[in-house]
Amino acid sequence: MSVGPPANPEVARKHRGGPVVGYATEGLRIYGNFFAFCLDALRGLFRRPFQVREFIQQAWFISSVSILPAALVSIPFGAVIALQLGSLTRQIGAQSFTGAASVIAIVREAGPIVTALIVAGAAGSAICADLGARKIREELDAMEVLGIDPIHRLVAPRVVASMLIAVLLNGLVNVVGVAGGYTFNVMMQGGTPGAYLASFQALGQLPDLIAGEVKALLFGAIAAIVASYKGMTAKGGPKGVGDAVNQSVVITFMLLFAVNFVVTAIYFQVVPQKGS
Amino acid sequence: MGVEVRVEGLTKSFGGHPVWADVSLTLPTGEISVLLGPSGTGKSVFLKTLIGLLKPDRGSIWISDRDLPRLSERDLYEVRRLFGVLFQDGALFGSMTLYDNVAFPLREHTRKSESEIRSIVSEKLEMVGLTGAEKKLPGEISGGMRKRAGLARALVLDPEIILFDEPDSGLDPVRTAYLNQLIVDLNQQTDATFLIVTHDINTARTVPDNIGLLYHRHLAMFGPREMLLSSEEPVVRQFLNAQRVGPIGMAEEKDADELEAEAAAGVELPPLPPIPPQLPPSNGLPRRAQRPAGQWCRENGVVPPPGSFETNMPSTGRHSVENTHELPVVAS
Ligand SMILES: Nc1ncnc2c1ncn2[C@@H]1O[C@H](COP(=O)(O)OP(=O)(O)O)[C@@H](O)[C@H]1O
Ligand SMILES: [Mg+2]
């Protein structure tokens, strides 16, 4: 899904009419291919037999590349939010809400964002590199010749594994982030544990957590599908795999942040907020 | 028993750039054909089109009465069962041992018991000389071994058509000689239809029954080995004999100026080197598809270059190029 005109303008010009038409059809073709791939991947999710072994291996693999960075990113993230909100609430005289604000900020936004970063950057790039290497070694071609559909065999279990791990990762990020924020608030900013927890009771609600997990689920699916698509369409040797990984991470980031915005907007429309 | 593959007017392009156009050829039942071409001329693309991994823009690929580019997904999978493919680097599944790689098609497509599978796998591994390497992972073995393991996997379902993508690339001359011998022996044993894609002239000169030359986005010529090796057609002649004089230059083809300059300078085409004898199966018995040496030349009234078909002649085609005189004689 390399966004933009075909690399060689010569191609575009020769290609059915003027350059504009050429770029447009090339662009449409790429999105069309990606869309068809998404449909195939979805269909692959429901094809029997589900590839349990591959799923377990991939879930293990994805968690092994993402848990540590997720935990390490969420500690400073929680602390930064506590720091920002601590000073902001002091300025507007609402110190008693520091706890609530930082927990909500972490669960609603920071958690999914950190999850998106890790899922796209660690899990997505790993999936893309793995499939890309198989593509250029012609393993995927060999598989197809042997009558095995790589989308069913390889992509579907990766998508499910990535969704599962993203949800778990989001939970982990929440716990670590909240713990980090709490520690920071109580130990360094002189907040009291009681106020921290009480204020959270006042504003937080379960749907916050559910919305975060739904986001994570979507992120996991998108990251795995984009990474698989870029990996399986990699071409041009090892450099092609490198390019595919790079593009996959960039595209996934953009998509995840856009989806994050949309889900958040829907969330505020659908779920009534406490105290409003 | 082998199946005929008939390609008609096949054209493939990527993003408006044709890779090759209007390729028509017939791979005769049970014969070995070589498709020769410089790197990047789309030989691998041709193989992948033949097995339906890539869709051609135009043209047909007839396998008995079925036109492969127009088959439904389901029928395509069925026709592919006729094929065994050796990909360029073996294309082994990196996470499986050689044994599991070779057993994979059996486990996927047959209901054979694990002990039957074991005996078939060891038979195929022995055939390619890999007995004892069952437990190795593809990453741990040499390129030549990977190719042979890939060949064992391609053979395991007893295919009717076997495609080889550059079996000789990245191998030293000794290993190449072994692999070529293996290919000839396999053809003798299975009578399957073989297509070897390569840029190695030596393989093309000695192994096949038929040669095709892919050059400059089209099929320059396809026919019996003796026809091409005795051909005076400039491109065929230059490529098959690895000569510098002719229409092929360092970068793609020479332009008109260069050719004129060559003609004006009176550059003589070196004489055609003798046609080497075909590589016989190692047990000395003929292959079913094999034709007597010189038969095509006799039937078509072509006088082969002097010294052709002599069994004691050096088997490499490269010796005829300029470097024969420059090679120092190494005392051993
Ligand atoms: N999937 C693809 N998409 C676009 N171009 C391709 C693709 N596969 C091959 N090509 C191009 O087709 C040409 C022929 O490639 P290839 O068949 O690998 O050559 P050969 O095997 O003869 O060395 C190359 O220029 C390559 O860049
Ligand atoms: Mg190739």
Side-chain angles (χ1 to χ4, degrees), chain A residues 2 5-19 21-23 25-27 29-30 33 36 40 43 47 49 51 53-54 57-58 60-61 129-154 157 232-233 235-238, chain B residues 13-18 40 44-45 47-54 73-96 101-110 138-139 143 146-147 149-151 153-157 159 161-163 165-166:
Chain A
S2 57
N8 185 351
E10 205 48 44
V11 183
R13 216 160 293 127
K14 269 196 230 154
H15 202 73
R16 292 157 227 152
V21 181
Y23 290 162
T25 52
E26 182 73 11
R29 200 178 54 72
I30 286 162
N33 286 349
D40 282 343
R43 209 149 33 104
R47 281 249 309 269
Q51 300 294 317
R53 240 179 73 131
E54 186 81 15
Q57 278 174 356
Q58 285 304 313
W60 181 250
F61 171 66
D130 176 34
L131 291 183
R134 292 180 192 225
K135 167 71 185 173
I136 61 159
R137 283 201 306 260
E138 298 180 311
E139 273 186 44
L140 301 183
D141 290 327
M143 217 174 213
E144 253 185 87
V145 171
L146 292 172
I148 308 297
D149 179 5
I151 291 185
H152 173 228
R153 189 59 66 99
L154 300 177
M232 287 180 66
T233 52
K235 54 175 178 263
Chain B
S13 59
F14 286 117
H17 275 301
S44 299
V45 171
L47 274 200
K48 287 179 188 168
T49 311
L50 268 193
I51 34 174
L53 291 173
L54 294 171
E73 192 92 337
R74 181 180 301 256
D75 291 341
L76 185 61
Y77 272 111
E78 197 164 300
V79 172
R80 278 203 194 124
R81 297 278 201 92
L82 296 173
F83 284 93
V85 185
L86 170 58
F87 285 97
Q88 201 150 340
D89 196 32
L92 299 173
F93 305 131
S95 54
M96 298 182 193
N101 262 287
V102 179
F104 182 84
L106 292 170
R107 289 180 178 150
E108 291 293 330
H109 291 300
T110 67
R146 276 200 294 274
K147 280 188 197 211
L151 183 54
R153 189 181 64 188
L155 292 172
V156 85
L157 290 177
I161 307 161
I162 308 181
L163 309 177
D165 196 353
E166 309 214 359

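Chain naming here is simple, since letters A, B, ... match the order of the sequence lines and numbering starts at 1 in each.
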Whatever's closer than 4.5 Å to a heavy atom in chain A on B:E73 counts as neither
Of the listed residues (B:L157, B:L92, B:L53, B:D89), which shares the most heavy-atom pairs with chain A below a 4.5 Å separation?
-> B:L53
Validation row: A:E144, B:K48 side chains within 4.5 angstrom (heavy atoms) = no
Interatomic spacing from CZ in B:F83 to CG in A:L146 - rounded to 0.5 Å | 13.0 Å
Here the pair of heavy atoms bringing A:E138 nearest to B:D165 is OE2-OD2, 4.3 Å
Rounded to the nearest 0.5 Å, what separation is found between the CD1 atom of A:I148 and the CD atom of B:E108?
-> 3.5 Å
Which atoms of B:F93 come close to chain A, meaning under 4.5 Å heavy atom to heavy atom: side chain ones, backbone ones, both, or neither?
-> both
Partner set under side-chain contact (heavy atoms from CB on, under 4.5 Å) for B:R81, not counting sequence neighbours | B:H109
With sequence neighbours excluded, tell me which residues meet side-chain hydrogen bond (donor to acceptor under 3.5 Å, both in side chains) with A:E139.
-> A:R137
Applying a strict 4.5 Å limit to non-hydrogen atoms, the region of A:L140 in contact with chain B is neither
